[in-house]
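As a basis for the values below, the full set of heavy atoms in this structure was taken, side chains included, without hydrogen atoms, waters or symmetry mates. Counting starts at 1 for both ligands and their atoms, following the listed order.
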Amino acid sequence: MKRVGVLSLQGDFAAHGASLERAGAEPVFVRDAGQLAWVDGLIIPGGESTTMLKLLRFEGWLDKLAEFGRRKPIFGTCAGAILLASDVSNPPQESLGLMDLGVERNAYGRQVDSRVASLDPAPEFERRTAPGKLEAVFIRAPIIRRAASGVMVLARYAGDPVLVEQGRHLAATFHPELTGDRRVHQLFLEKL
Ligand code: GLN
């Protein structure tokens with residue numbers, strides 16, 4: 001069984017653990033950078049990217065995560081996607097730069113900051129998983145304003161990319177761990 005780390009410093013790591021189990025993998029709740037040596041891939045969950053960054057700087061994790069990402073797949077959801085990106089705005093902040101994306105934090109505004117949408121995923125997503133609409137839960141989500149030409153868009157919402165893949169990495173601006181649909185986690189497991 002594949003062992004997948006879930007960065008468990010802050011945010012909704014427990015829900016990712018349950019999703020991984022449903023998708024047939026063994027979650028490892030990573031709280032110590034030494035645990036990275038044990039896992040085939042890593043999920044960086046949603047939460048608050050500024051808070052996560054503080055903890056990551058404090059523990060000297062940033063270099064270790066960047067190094068891990070040069071060898072193994074990482075899947076970032078929401079705050080995790082912000083951490084994977086190369087450019088962050090609103091306001092600018094440090095990130096791992098493992099995916100060539102420009103993201104704007106909290107980009108849907110304060111009035112309607114959370115929503116559930118039913119998306120038509122790209123044919124490529126359905127081909128690699130299973131056909132059907134994708135329910136997407138957005139919570140104070142970022143918008144991907146720029147995706148480099150090497151980035152594959154697997155789903156969009158209102159014209160903007162919300163599920164993207166670049167090489168071994170995957171990022172979603174929504175929360176696939178909050179619905180019963182296992183396809184996004186399955187797609188990540190296929191990459192390990
Ligand atoms: N708004 C958060 C941030 O900027 C992300 C929200 C989330 O992960 N649900 O980090």
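In this structure, His175 is part of the shell of residues with a heavy atom less than 4.0 angstrom from ligand 1.
Every atom of ligand 1 with a heavy atom of Cys78 under 4.0 Å away is listed here by number and element: 5 (C), 6 (C), 7 (C), 8 (O), 9 (N). For ligand 1, the atoms sitting less than 4.0 Å from at least one non-hydrogen atom of Ser49 are 3 (C), 4 (O), 10 (O), numbered in the order shown with element in parentheses. Taking a cut-off of under 4.0 Å to the non-hydrogen atoms of Gly46, the atoms of ligand 1 that pass are 8 (O).
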Next on the checklist: Run the salt bridge (charged side-chain N to carboxylate O under 4.0 Å, His left out) test on Arg105 and Glu48 for me, step by step, so that the C-alpha distance in whole Å, both residues' side-chain angles and the decisive distance to 0.1 Å come before the verdict.
Outcome noted: CA-CA 10 Å; Arg105 295 180 56 214; Glu48 196 51 50; 2.9 Å; yes
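Polar contact check, Asn106 against ligand 1: a nitrogen or oxygen pair lies under 3.5 Å apart. For a threshold of 3.5 Å applied to N or O pairs, the pair formed by Ile139 and ligand 1 contains at least one separation below that value. In terms of N/O distances under 3.5 Å, ligand 1 is not approached by Thr50.
Comparing heavy-atom distances from atom 6 (C) of ligand 1 across Ala107, Pro45, Ala141, Gly47 singles out Gly47 as nearest.
Proximity of Phe13 to Arg31: side-chain heavy atoms (C-beta onward) are separated by under 4.5 Å at one or more points.
The distance between the ring centers of Tyr157 and Phe174 does not fall below 6.0 angstrom.
Listed for the Lys2 side chain is no donor-acceptor partner under 3.5 Å among the backbone atoms of Gly24. Not a single donor-acceptor pair under 3.5 Å links the side chain of Glu21 to the backbone N or O of Pro27.
Remark: Arg156 does not engage Asp120 in a salt bridge, criterion side-chain N to carboxylate O under 4.0 Å. Classification of Arg70 and Glu67 as a salt-bridged pair fails, no side-chain N sitting under 4.0 Å from a carboxylate O.
By the criterion of a heavy-atom distance under 4.0 Å, the side chain of Ile82, and not its backbone, is placed next to ligand 1. Only the side chain of Arg105 comes within 4.0 Å of ligand 1, counting heavy atoms alone; its backbone N, CA, C and O stay farther away.
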